[in-house]
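Right, one structure below, let's go through it.
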There are 2 protein chains.
Amino acid sequence: MNQTNVPLYRQVIDGLIHRIASGALPPGSMLPSEFQIGEEFGVSQGTARKAVSELEARGIVRRVQGKGTFVTLRTPNEALFHFFRLRRPDGRLETPILLDEELRIRPARADERRQLVDAPGDVVEITRMRALPDGPRIHEVSVVPVSLFPGLMDRRPLPNNLYVLYQQAYGIVVLRAEERLNATTAGAAMAARLGCAPADPIMQVERVAFDALDRAIELRSFNFRCDGYRYFVTLS
Amino acid sequence: MNQTNVPLYRQVIDGLIHRIASGALPPGSMLPSEFQIGEEFGVSQGTARKAVSELEARGIVRRVQGKGTFVTLRTPNEALFHFFRLRRPDGRLETPILLDEELRIRPARADERRQLVDAPGDVVEITRMRALPDGPRIHEVSVVPVSLFPGLMDRRPLPNNLYVLYQQAYGIVVLRAEERLNATTAGAAMAARLGCAPADPIMQVERVAFDALDRAIELRSFNFRCDGYRYFVTLS
């Protein structure tokens, strides 16, 4: 990857996130001092500070007055399902169960080539059905460039949470997602998948996921019924 | 307000935001240096730096290498409708037109008292109907504590954008909103308001808006039809 256009502090952020993602800096561990970070990455202490401030703003590390900066402790479920925003109306998370999945490699469609990083020729399409305690609830299609995720087909069955796989197996950390939401009727095909009537209301989400370098690395569209659940978001 | 429990850098942030909101520091203007900010607010340069970093992370100011820190330039519409997330599918904003509004003062309900800052006794309830080019589309009910917004009833008719009023008349800047989204059917009453059939799918949003001091200052619920529009959000 060409790093020449990436600001120095973004490179430091990316390096630190890789260490956190790889487990070299586990949750709760102390980050090196800004002076040490500067030495290790060959940047000024000001640049190191800017990188650490950004990690703090993203909730990845936390400064403790007079003690140092620490990798954030999160319960595994909170960390794993940070981008899974469907919750009980009171905010409680029900862990979604993976029912089945289908993977295939196919040429990227024009809109996928336009949106994904490096305009990929081929993509892996991952179609999954998920259940909540009330039964099958979420139909999900994820599309990623083959070039970014070599050997993905051989990793079947994929784990429940794809972003953890992207992080652990490919060093790609999803930090941001842009979503377009639509309230519409299920229609015949989706109703059959979700076990509802074609005229029932469903939520459709189209997501573009961005990594630590702000590259669009995945397109995902998912459909679900909201009865008994809500979709929680923060605007800022 | 009791500021003793508010960290120093939050007080600096609040002070700077007030200057920006009041027009003393207009968009594009240069912020005082961290040294000057430290002097003016009686805090260390490190605290001033932390405040400015936070403003930068929120997109309110922008550092320009070797030049200084500047209040962000935004087009008026982008700034005004930053929290209005309903857009054309391609992301284009259609400015919503205010059709009518009704204001009344009433005792806060138990859930409102529990959620709003300072557990208010009385609230102002603002009910509004908004139109997009396709006709009446959005039904909106906003609830704010009377104590935070004295004289709000006398300001009728309120401007199109309430957050601008909160900022300009009361110095209260909405910086974050937590939302719970639901895809459901309109039902008879809402269908009559939105000009659709009772069985048509609509999006229901329940929002809690937070100010610069992270106080819950407004509860808002709005209902709209998505046909021809999408709701755009960012997860991070």
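These values consider heavy atoms only, across backbone and side chains, with no hydrogens, waters or symmetry-generated copies.
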Using the ring of each side chain (for Trp, its six-membered ring), is A:Tyr163 parallel, tilted or perpendicular to A:Phe83, with breaks at 30° and 60°? perpendicular

Short side-chain to backbone donor-acceptor contact, B:Arg92 and B:Pro89, under 3.5 Å: no

Engaged part of A:Arg225 at the chain B interface, taking heavy atoms whose separation is under 4.5 Å: neither

For a 4.5 angstrom cut-off between non-hydrogen side-chain atoms, does B:Gln204 reach B:Leu181? no

Report yes if the distance between the aromatic ring centroids of A:Phe224 and A:Tyr229 is under 6.0 Å, otherwise no. no

For the interface with chain A, which of B:Arg207, B:Lys50, B:Glu178, B:Glu54 has the highest count of heavy-atom pairs at distances below 4.5 Å? B:Glu178

Under a 3.5 Å distance rule, please check whether B:Arg87 uses its side chain to pair with a backbone N or O of B:Phe84 as donor and acceptor. yes

Is it the case that the side chain of B:Gln115 and the backbone of B:Glu112 share a donor-acceptor pair, with hydrogens and angles ignored and the cut-off at 3.5 Å? no

Applying a heavy-atom distance below 4.5 Å, give me the residues of residues 182-189 of chain A that approach chain B, sorted by number. A:Asn182, A:Ala183, A:Thr184, A:Thr185

Are the side chain of B:Thr47 and the backbone of B:Val43 linked by a donor-acceptor contact shorter than 3.5 Å? no

Is it the side chain or the backbone of B:Phe210 that comes within 4.5 Å of chain A heavy atoms, both, or neither? neither

Of the backbone (N, CA, C, O) and the side chain (C-beta and beyond), which part of B:Arg85 lies under 4.5 Å from a heavy atom of chain A, both, or neither? side chain

Is the count of non-hydrogen atoms from other residues, nucleotides or ligands lying under 6.0 Å from A:Arg88 atom CZ greater than 12? yes

For the atom pair CD1 (A:Ile172) and CD (A:Gln167), what is the distance rounded to the nearest 0.5 Å? 10.5 Å

With rounding to the nearest 0.5 angstrom, report the CZ to CG distance, B:Arg215 to B:Leu116. 11.5 Å

Suppose a student defines contact as a heavy atom less than 4.5 Å from any heavy atom of chain B. Which residues in residues 126-145 of chain A would they list? none

Determine whether B:Arg176 and B:Asp214 satisfy the following criterion, salt bridge (charged side-chain N to carboxylate O under 4.0 Å, His left out), listing intermediate values before the conclusion. CA-CA 8 Å; B:Arg176 183 171 64 89; B:Asp214 223 30; 2.8 Å; yes

Counting only heavy atoms closer than 4.5 Å, note whether B:Glu56 contacts chain A via side chain, backbone, both or neither. side chain

Parallel, tilted or perpendicular: which fits the ring planes of B:Tyr231 and B:Phe222, with parallel below 30° and perpendicular above 60°? tilted

